[in-house]
Amino acid sequence: MTENVVHLHKPTDPPADPATVTTLTVVPDAPPARPVPLWVRSGRAVKTAVTHERTKTTVRAVARHSLYTFNGGRIVARRTWDGRTGSRYERMIRAAEAAGNLEAAEEWEERLTRFRAARHHRRMDLLHSPVDAAKGVAVGAGMSIGVLVALGVVMALNTGQVGDVVTPLSATVDFIALLIRIVQVVWGPALTIGPFLALLALWSVGRKQHAAPQWALPANVRNGEGEPITPSIVVKALRDLGIAPLRNAIKEMGDAGASMLGPITIAGCGVEVDVTLPSGVATDEVQKRRRKLAENLTRHEHEVFITIPPAARTVRLWIADSGALDEPIGPSPLVTDETLTANYKTGKAPWGQDLRGDAALISLYQRHLLVTGLSNQGKTASLRSLALWLALDRSVQFWIADLKGIGDWAMFEGIAQVLIEGPSDDHVIQATEMVEDAVEEMNRRIEARRQEPSIVFEPLIVLVDEAQLAFMCPVVGEDKRPYGGSKATSRYFMAVRKIHNQGRAVDVLMWQGTQDPTDQNLPKLVREGAHTRASLVVGTESQAEMALGAKAVNAGAAPHLLRQGLDKGTLVVASDGIAIPAGQSSITVRTHFIDDEPAAEIAARAKALRDGVTTLRVVDKTEERDALADVAAVIGDEPRLRTNEVLKRLHTLAPETYGDQWTNDRLKSLLEEHGEEPKKSHGVMVVHRDHVLRALANRDENGSASAAE
């Protein structure tokens, strides 16, 4: 028999479903971190203190100023030794011999001989100088006492007191005693302060020479900001170019390479120095390392220019002051001098300044001109400044095509006989026909010259700005000849070539401005036909050769190394019309910028010199059309027609006349002019046929009445 057990208390925890029981995992506490030994913490603190930037700055400052003083003493001792001995001459002799310059070695040897002879003469004079000095002191003392006694006698005679005879002597003795007392007072402090003053003087010498290791120098000196160019800096920069023969030759020179350098002269906003390279080092090896040389001189690449002077084995370095090329030059004389005039034949245009700070003047007489560069770098401004100067010669004629068309040449209204402004294919066609007309004018002049050799023609400047649009124009004429391109069938290309070939003889000159030159937008035969070629910044060395020619680039011209956006208006010019240093094939010019308002004022002065010029702005080859009659024609028998449909039919009727410039507003103005206007029909603007016919009748009646009167 089974017995049931009855529990008398209720369980406090109800039985749980095994499926819903949550198992708790007890995570033990992490073991306590191991204590860091004291010596480890101390080491970390010391390391932090030692490597802290303030500590480094303090160590650098202490080392720098200590070494300034120490090395300043070495510099003073070296200068003193060089001044007292012939060691300087001996170093120069060894350097000249190492460079293979025997003439310079002989000259320095002769100077050493003269120095030794003068030094021997001075030493022989020292044998007699003590006796001569004693005699001089005795004679001087006697004369001084005699003068004082005579002065006392004069005073005694004046005052009647015999004692005044010795008054000047006693006053002199008292003065000498005062000086002795002053020396006694100052002598002690002077002995104490003197060494500190001497150390301060040595420190000053070392500081001026930066006589400390590179790591100890201030940040601005380490980075080259404002560091002056000295012979030692130039030689060190050449030594570190990576040219083994040059480095070895400098090491062998007793003067550490200083004999290679000519005088460092101030040249504009920088300095210039000629470097005679040792045997075995070619000039182009240095030219190819322009960037490295600039960085060795603590300059940017654009602040160092390397050219080849006439002297053999010589490179000429022009090194700008740090940041000087970022400073603007002054205004153009055309702006500041209202009395300035021009002369096409004998005058020179003030274009800007060269790197030496001298005025860059250029002759435009019988020279075709090409200015190129990247977009928005000052091409139009530099080209326009020349044209503004030449406009001050009243005999010069201008035919201008501005294929940019934003008003850069608008001030030549009333100066130029032809002024075309616009970037469309129609404007390119007009510019091409303008150049072809110039070819016909050139041929007419040539024929007249044959008939009369002494005849003189007025200069004609045919100017095309943004000429790349003309070369790239895809339009083909009715004669199947393309306007653009670089083939013999290209109308623009062939017209420019003809002017280049013969225009100079009869003063018909071609000026072109183009951007981002390539073989497609600036063909070789055209760019090589210009007598004056100038380039702003371009993208590559090959483009620099297109702009200036391979000869100029190989000789150091580097418009591709100019900085886009920062060197606006800086041109590299290759021309015989501008003064270029002997032996160079190009010159860098920072052009004057003439803004639109000053340009308009200069143009006004040019207009005042002329009798009056009617400027032909656009060659209009479209027939005259009666717009109101055309509206009636396109409506036809329709009682009314939507305005947009009227405009569409007008454009189909005469696209040359009714182009994009014809809008709803213009159509409305046409009808309102004759007393009618478009009306709305079902919310849409329409033109009523009856209204147009009534406008035609009113116009005809008004016209007849006016004729009768």
Side-chain angles (χ1 to χ4, degrees), residues 53-92 95 115 119 122 182-183 185-240 250 253-273 294-299 303-304 317 319-324 327:
E53 187 60 31
R54 291 183 180 178
T55 305
K56 293 180 180 179
T57 303
T58 304
V59 171
R60 271 198 219 99
V62 172
R64 177 170 66 250
H65 294 293
S66 300
L67 291 172
Y68 279 169
T69 305
F70 177 75
N71 291 328
R74 292 178 56 192
I75 293 171
V76 171
R78 179 70 173 271
R79 292 174 179 175
T80 304
W81 178 257
D82 287 344
R84 302 292 297 176
T85 66
S87 59
R88 175 186 302 163
Y89 302 94
E90 293 173 356
R91 286 200 308 273
M92 299 304 291
F115 170 78
R119 184 178 60 184
R122 289 194 300 271
I182 293 174
V183 171
V185 172
V186 174
W187 184 254
L191 289 178
T192 304
I193 299 174
F196 293 101
L197 295 177
L199 291 175
L200 180 62
L202 297 179
W203 173 86
S204 178
V205 172
R207 175 177 170 275
K208 289 181 180 179
Q209 297 294 324
H210 300 307
Q214 190 73 11
W215 61 266
L217 294 176
N220 63 329
V221 177
R222 291 200 307 272
N223 296 333
E225 299 177 1
E227 184 175 359
I229 298 300
T230 61
S232 60
I233 290 177
V234 176
V235 172
K236 184 177 182 296
L238 293 169
R239 185 194 67 194
D240 296 338
I250 291 175
M253 294 180 184
D255 62 345
S259 62
M260 296 192 307
L261 307 183
I264 298 179
T265 58
I266 296 176
C269 57
V271 296
E272 191 174 71
V273 59
E295 292 174 351
N296 290 346
L297 291 167
T298 62
R299 293 294 189 273
E303 295 176 329
V304 174
L317 307 180
I319 307 162
D321 297 336
S322 183
E327 298 294 330

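Predicted, not measured: the structure shown is a model, and the values here were computed from it.
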Leu200 atom CG, over 12 foreign heavy atoms within 6.0 Å: yes
CZ/Arg74: more than 12 non-hydrogen atoms of other groups inside 6.0 Å: no
Taking all non-hydrogen atoms of both residues, which atom of [X] and which atom of [Y] are closest, and how far apart?
X      : Y      : result
Gly73  : Leu202 : CA-CD2, 3.7 Å
Leu297 : Val234 : CD2-CA, 4.0 Å
Arg299 : Val304 : CB-CG2, 4.0 Å
Trp203 : Thr69  : CB-OG1, 3.6 Å
Ala190 : Pro195 : O-CD, 4.4 Å

From Leu261 atom CG to Leu238 atom CG, the distance as rounded to the nearest 0.5 Å: 7.0 Å
Atom pair CZ (Arg239) and CG (Asn296), whose distance is rounded to the nearest 0.5 Å: 9.5 Å
